[in-house]
Amino acid sequence: MKISRHCFLKIRSAMPALSLALVTVLALALGCTKKPTNTNEILVGEFGSFSGSEATFGQSTSEGVKLAFAEINKKGGINGKQLRLISLDNQGKPEEARAAVQRLITQDKVVAVLGEVASSRSLAAAPVAQQYQVPLITPSSTNPKVTEIGDYVFRVCFIDPFQGLVMAKFAALDLKKKRVAILRDVKSDYSTGLADVFATEFKKLGGEIVADESYQAGETDFKAQLTQLKGKKPDAIFVPGYYTEVGLIARQTRQLGMTAPLLGGDGWDSEKLSELGQDAIKGSYFSNHYTTESTEPIVTNFIKAYRDAYGGKTPDGLAALGYDAAGILIQAISRTTEITPKNIRDEIAKTVDYPGVTGKITINEKRDATKSAVVVQVDGKVNRFIKTIAP
Ligand code: PHE
C-alpha cells in the first residue's frame, strides 16, 4: 500500500523526533493512503541532510537539483511529462539516509535517486538502491567505496585519491611545506580516506607527517588534540573534515598560538565555514569542485540563474554538483525509449562529455567521473581561486 506524501510529511513535522520507519508505520496505521499516481509525471527521489550540522550540504544540493528540474519542466518536461522531485531529510544520520532511500523506492516508486553528499551516508543508503535496481547518482560523495557498491550507483564528482593527491602536491610543491600534521574525523569514511591518501602522497613527495590526531563530528573542544600537534611544530595542518568542526578547529588552533595554515578538502565548502572560523580560517586552502570566479559562459549562466532563483545567493560547489547530477539524470531519462530504472541506469552509464558547470563529465567504467579539481583560498565569504589541477 502506498502512503500519501502529504500525510507523511504532516506526521513528520508534527513529530520530528520520530524515525522515518516509525513515521511510515504511523502513516499506515492512520490510513494515509495515496491517490493513484499521475502518469504524466516522472518521479525522482532525493535524500539529504536538510537539517543538522551539515545542513548547508543538503540545502545547497537540493537548490541545484530543483533549479535543473525547473528549467526542464519550463521547457515542457521530457516527452511531455513533468519531472517531480520528492526530497527527504535524513538529518545527517546514516540510518535515516538508508530509510529514506527505502521509502523513496518502495513507497514513492521513484525511477531514480539523487544523493547523498557525505560518503558515509551514501555508503549506508546506496546498497538499498542497488538491491532494488534503481539508479542512484551521488552528486558529491568522493570516497571510492561508494560506487563499488554496484552497477546502479554512480557519481558525477572526482574521487578522494585524486583530491588527496591534489592537496599533497599543493602543500609540497606550491606552499613548500615539509612538516604537515593531520587532524581527522575517525567516524567519517570521507575524512579517514582522504587523510590516508594525503599522507601517502605527501610522503612520496619527500614531506613528513609529524602527527596524526583524531576527533569525531559533534565534538566542540579540540584543544587536547591541537596541543599534541603544536608540540610537533607543523608548518601546515591538514583537516579533511566538514565545515562545522573545521570552523571551530581553526579558531582553537589560533587560540593556542599556532599560525600554520590549515589545509582541507571539499568538505569545507559552506558559507558557514567563515561564519564559524572567522579570521582564524582566513588564508587557509582547500580543494573543491568548481570556482565561482570562472568566466566560462556555462558557469556564469548557472550562477545568474541560481541567484535569480534564490534571492541573490551565490551557489557553492554542492549546488553546482546537484545541478550537474540532475542534468545528467535528465539527459539519461530523455534518451530512454521507455522510462524504466534499468533503461535510465544504462543511459547514465553512457554519459560522455556532458557539459557540466563543474566541468566536462564522462562516466567511466567504475561509474565515477574523471574531472579537474580547483584549489581555493578562504577569504571571508568568498573563496579565491588559486589554481586548477587536471587529473
Ligand atoms: N566529498 C564529501 C564526502 O564524500 C562531501 C562533500 C562534497 C562536502 C562537496 C562538501 C562539498 O563526504
Side-chain angles (χ1 to χ4, degrees), residues 47-50 52-65 90 92-94 97 114-126 136-149 153-167 184-198 216-217 238-247 264-274 276 285-292 314-325 356-359 361 367-369 371-376 378 383:
F47 67 114
S49 53
F50 304 130
S53 68
E54 286 130 38
T56 71
F57 287 173
Q59 291 161 0
S60 291
T61 305
S62 193
E63 284 169 0
V65 169
N90 59 46
K93 300 175 189 157
L114 297 170
E116 232 266 4
V117 170
S119 290
S120 294
R121 291 192 287 276
S122 289
L123 284 166
L136 176 146
I137 307 177
T138 166
S140 40
S141 286
T142 45
N143 186 285
K145 289 180 291 185
V146 173
T147 48
E148 287 165 14
I149 285 169
V153 185
F154 297 87
R155 84 178 101 221
V156 300
C157 54
F158 53 64
I159 57 175
D160 290 331
F162 173 62
Q163 176 168 216
L165 172 67
V166 163
M167 286 315 283
R184 62 171 84 200
D185 176 352
V186 271
K187 282 282 172 68
S188 154
D189 293 280
Y190 159 73
S191 191
T192 56
L194 187 52
D196 288 344
V197 178
F198 178 88
Q216 282 181 29
F238 187 59
V239 193
Y242 297 147
Y243 64 91
T244 300
E245 285 79 23
V246 173
D266 55 355
W268 284 27
D269 191 14
S270 172
E271 58 177 16
K272 294 268 184 258
L273 178 73
S274 61
L276 291 161
Y285 301 92
F286 68 99
S287 45
N288 208 359
H289 301 270
Y290 105 118
T291 167
T292 50
T314 300
D316 58 16
L318 292 147
L321 286 167
Y323 184 77
D324 282 350
V357 293
T358 61
I361 300 170
R367 297 170 301 283
D368 296 332
K371 291 158 77 188
S372 299
V374 296
V375 177
V376 296
V378 183
N383 297 317

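Atoms within a ligand are numbered from 1 in the order they appear, just like the ligands themselves. Sequential numbering from 1 along the given sequence is applied to the chain's residues. These numbers come from a predicted model, not from an experiment. Because only heavy atoms are used, hydrogens play no part in the values below, and waters and symmetry mates are left out as well, while side chains stay in.
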**Q** Side chain or backbone of N288 under 4.0 Å from ligand 1, or both, or neither, by non-hydrogen atoms?
**A** neither

**Q** Taking 4.0 angstrom as the limit and counting only heavy atoms of F57, give me the atoms of ligand 1 inside it, by number and element.
**A** 8 (C), 10 (C)

**Q** For D269 and N288, test the side chains for any donor-to-acceptor distance below 3.5 angstrom and give the result as yes or no.
**A** yes

**Q** Please tell me if the side chains of V146 and V153 come closer than 4.5 Å, counting only heavy atoms from C-beta onward.
**A** yes

**Q** With a cutoff of 4.0 Å, is Q163 in contact with ligand 1, counting heavy atoms of the residue only?
**A** no

**Q** What is the ring orientation for Y242 with Y190, classed by angle as parallel under 30°, tilted 30 to 60°, or perpendicular over 60°?
**A** parallel

**Q** For atom 11 (C) of ligand 1, what is the closest protein heavy atom, and at what distance to 0.1 Å?
**A** D266 O, 3.1 Å

**Q** Is S141 near ligand 1, meaning one of its heavy atoms is under 4.0 Å from it?
**A** yes

**Q** Look at atom 6 (C) of ligand 1 and say which protein heavy atom is nearest, naming residue and atom and giving the distance to 0.1 Å.
**A** V117 CG1, 3.5 Å

**Q** With heavy atoms of A118 as the reference, note each atom of ligand 1 found under 4.0 Å away.
**A** 12 (O)

**Q** Decide whether the shortest distance between a heavy atom of Y242 and an atom of ligand 1 is less than 4.0 Å.
**A** yes

**Q** Atom CZ of R121 and atom CD of E54: how far apart are they, to the nearest 0.5 Å?
**A** 4.5 Å

**Q** Got a second to check how far E271's CD is from T314's OG1, nearest 0.5 Å?
**A** 9.5 Å

**Q** What's the spacing between L321 CG and F158 CZ if we round to 0.5 Å?
**A** 8.0 Å

**Q** May I ask you to check if ligand 1 and H289 share an N or O to N or O distance below 3.5 Å?
**A** no

**Q** Between CD1 of I149 and OG of S122, what distance do you get to the nearest 0.5 Å?
**A** 7.5 Å

**Q** Just need the protein heavy atom nearest to atom 4 (O) of ligand 1, so name the residue and atom and give the distance.
**A** S119 OG, 2.5 Å

